[in-house]
Enquirer: 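Mind looking over this structure? Questions follow.
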Amino acid sequence: MIAHLSGELASTGDRWVVIDVGGIGYRVQVTQPALQSIQQTAGPPVRVHTHMAVRDDDIQLYGFLYPSELELFRILISVSGIGPPRLR
């Protein structure tokens, strides 16, 4: 399990960032507010707390700026019928 990532912002998309950690780029799904905050932060390191969702055909990392956001996400996905979206 990957608990957090800290590194240089390599690139961004509409719902994701790539964080370079020691030469390896991790693509992390983030919220719009987190994306805006990360883009406005001057210089490295970027740090996100992560949840790794493993499915039969996919592995996704979800990133949050604060541990409390991550904890709320984990509470929400523990409810039957609720889960992270399948992103491609």
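All values below come from the heavy atoms of this structure, side chains included, with hydrogens, waters and symmetry mates left out.
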Enquirer: Going from CD1 on Ile2 to NE2 on His49, what distance comes out if it is rounded to the nearest 0.5 angstrom?
Expert: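 Nearest 0.5 Å value for the CD1-NE2 distance: 14.5 Å.
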Enquirer: In Å, rounded to the nearest 0.5 Å, how long is the span from NE2 of His4 to CD1 of Ile19?
Expert: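 Answer for the NE2-CD1 pair, His4 versus Ile19, is 10.5 Å.
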Enquirer: Please identify each residue that fulfils ring pair (Phe, Tyr, Trp, His ring centres under 6.0 Å) with Tyr26, with sequence neighbours left out.
Expert: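 For Tyr26, no residue satisfies ring pair (Phe, Tyr, Trp, His ring centres under 6.0 Å) once neighbours in sequence are set aside.
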Enquirer: Within the 4.5 Å heavy-atom criterion, are Thr50 and Met52 side-chain neighbours or not?
Expert: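 The answer is no; the side chains never approach within 4.5 Å.
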Enquirer: Considering the options Leu5, Val46, Leu61, Val28, which one meets the side-chain contact (heavy atoms from CB on, under 4.5 Å) requirement together with Val17?
Expert: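 Answer after filtering Leu5, Val46, Leu61, Val28: Val28.
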Enquirer: Counting N and O atoms only, with roles assigned by atom type, does the side chain of Glu69 sit under 3.5 Å from a partner on the main chain of Tyr66, one being a donor and the other an acceptor?
Expert: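 Side chain of Glu69 to backbone of Tyr66: a pair is present.
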Enquirer: Hydrophobic clusters join Ile, Leu, Val, Met, Phe, Trp and Tyr when side-chain heavy atoms are under 4.5 Å apart, directly or via other members; which others share one with Val18?
Expert: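 Its cluster partners, ordered by chain and number, are Trp16.
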Enquirer: Would you say the rings of His51 and Phe73 are close, in the sense that their centroids are separated by under 6.0 Å?
Expert: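 Aromatic pair counts; centres sit under 6.0 Å.
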Enquirer: Count I, L, V, M, F, W, Y as connected when their side-chain heavy atoms are under 4.5 Å apart, and connections chain through other members. Are Ile75 and Phe64 then in the same cluster?
Expert: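 Ile75 does not cluster with Phe64.
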Enquirer: Once rounded to the nearest 0.5 Å, what's the spacing between atom CG of Leu76 and atom CD of Glu71?
Expert: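 These two atoms lie 10.5 Å from each other.
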Enquirer: Can you list everything that forms a side chain to side chain donor-acceptor pair (under 3.5 Å) with Thr12? Sequence neighbours excluded, please.
Expert: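 Per chain and number, Thr12 pairs via side chain to side chain donor-acceptor pair (under 3.5 Å) with Gln39.
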Enquirer: How long is the straight-line distance from CZ of Arg55 back to CD of Gln60, given to the nearest 0.5 Å?
Expert: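 Reported to 0.5 Å precision, the distance equals 7.5 Å.
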Enquirer: Determine, stepwise, if the pair Ile38 / Leu65 fulfils side chain to side chain contact (heavy atoms under 4.5 Å, CB included).
Expert: CA-CA 9 Å; Ile38 290 169; Leu65 297 178; 3.9 Å; yes
Enquirer: Would the distance check show the side chain of Gln40 and the main-chain N or O of Leu35 forming a donor-acceptor pair, the cut-off being under 3.5 Å?
Expert: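 Absent.
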